[in-house]
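For reference, the structure discussed in these notes is given below.
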Amino acid sequence: MDTKKLGFDSKLIHSGDFEDAMGSAVTPIYQTSTFAFRNAKHGADLFAGREKGFIYTRIGNPTIEALENKLAELENGCGGIALASGMAAVTTAYMAFLASGDHIICTSAVYGPSRGVLDSHFAKFGVEASFIDTSKLEEIERSIKPNTKVLYLETPTNPTIELTDIKKASELAHKHGIIVVVDNTFCSPYLQRPLDLGADVALHSLTKFINGHADIVGGALVTKDPEIYQKLRKTMVYMGGNMDPHQAYMVIRGVKTLSLRIDRAQESSVIVAEFLENHPKVEWVKYPGLKSHPQFDLAQEQMDGPGAMISFGLKGGYDAGVTLMNNVKLALLAVSLGGVETLIQHPASMTHAGLPKEAREEADITDGLVRFAVGIENVEDIIADIEQALEKI
Ligand code: LCS
């Protein structure tokens, strides 16, 4: 069956499937580190690329490949690479495209470690990084230097929920021969397909919406350019950030319900965001589904829905946020997002605590910002929970 022609929901179920000798209905787990060659010539042919097949699980494995092929079809790419974590995907992309003396432009409000690793590790190898507000095209243009090799975007940003126009930013970057990588974790390919909008690489923490059940950590890179694909795969194989077959099986199982889960969480998020916006103790709410979001029109254009991540600030600032987080009962006080359970967390002291205060302030990650990841519980229960916690302030 040519799964490329199927609709998105059908791809979630069938893309990447392969026929198994036993007729297994689901992709089996090939929990093996290595694969036996039929004879010496077979081994040599596999290594030389004269024959297709599996050699060693860090290089490739049927269960992992099934997931990679599924993700590639969901993002409309030519190839996917599954990795041990979202951060393994981030560092593999940096490693593949950057060398000593190169420059990278990065959205300032990205997931903390995606920015932190550039300062803490890549700077040691002579890689220069500029962290800017990529939602402003003119700032990207101003930051481009002759040695700029990568434009790294995260949209919407974690945790400030700001958007970058992927199409316009990619056009600008490509005029200068710059590779565009988009962290698509907050949307998943169900809500946004960066490659269709002109980006070169779509990056994911699979830990979030794609797996969706808060039970594994994983990452992925998908590209539509065969040369970039080979470069990324070679880097992954050398750096050793590969996924494990069991992890791949879990993601294949989780991703099948991606659209159902996001539909429900997103429907509830609109109701929760409106509830928060009208609450007297809430100072501001940032959610792409609210008309008050400064980039509401861009969200309508480049995303197929506003998603399930909300950031907000309380009039009582940091202390009020702490009271809220200590009093929620249904929502878990936990980092991460994109699972079936509702989570609440405080970026300045948790996910983005590794960044210096000035860097956080420059990226609008204020001390009072609370991040809310809406799950798929009954929306009445989610609202009742925040309402009772807000009353404690
Ligand atoms: N990209 C984004 C946008 C993320 O939110 C995260 C993790 C990563 C990359 C890294 O993925 P990982 O290695 O954890 O799979 N974000 C987290 C968060 O907001 N809370 O805890 C982890």
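We count ligands from 1, going down the list as the structure has it; atoms in each ligand are counted the same way.
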Practice prompt. Could you tell me whether E154 approaches ligand 1 through its side chain, its backbone, both or neither, with non-hydrogen atoms closer than 4.0 Å?
Written response: side chain
Worksheet, complete the sentence: dist Q345:CD -> H352:NE2 (nearest 0.5 Å) comes out at 8.0 Å
Discussion item. I'd like to check which ligand 1 atoms, numbered from 1 as shown, lie under 4.0 Å from a non-hydrogen atom of R371.
Written reply: 18 (C), 19 (O), 20 (N)
Worksheet item: To the nearest 0.1 Å, how far is atom 5 (O) of ligand 1 from its closest protein heavy atom, and which atom is that?
Response: N158 ND2, 2.9 Å
Item to complete: Consider only side-chain N and O atoms of R193 and N184, and report whether a donor and an acceptor are under 3.5 Å apart.
Response: no
Discussion item. Is a donor from one side chain sitting under 3.5 angstrom from an acceptor on the other, for T223 and D225?
Written reply: no
Discussion item. Between H103 and S130, is there a side-chain donor-acceptor contact under 3.5 Å, judged purely by atom types and distance?
Written reply: yes
Worksheet item: Is there side-chain contact between V374 and I310, with heavy atoms separated by less than 4.5 Å?
Response: yes
Fill in: D183: numbered ligand 1 atoms lying under 4.0 Å from its heavy atoms
1 (N), 2 (C), 3 (C), 9 (C)
Worksheet entry | E377 side chain to T342 side chain, donor-acceptor N/O pair below 3.5 angstrom | yes
Worksheet, complete the sentence: For T351, the atoms of ligand 1 under 4.0 Å from one of its heavy atoms are 18 (C), 19 (O), 20 (N), 21 (O)
Fill in: Per-residue contact class, K208 against ligand 1 - non-hydrogen pairs under 4.0 Å
side chain
Worksheet item: Taking non-hydrogen atoms only, is L203 closer than 4.0 angstrom to ligand 1 via side chain, backbone, both or neither?
Response: neither
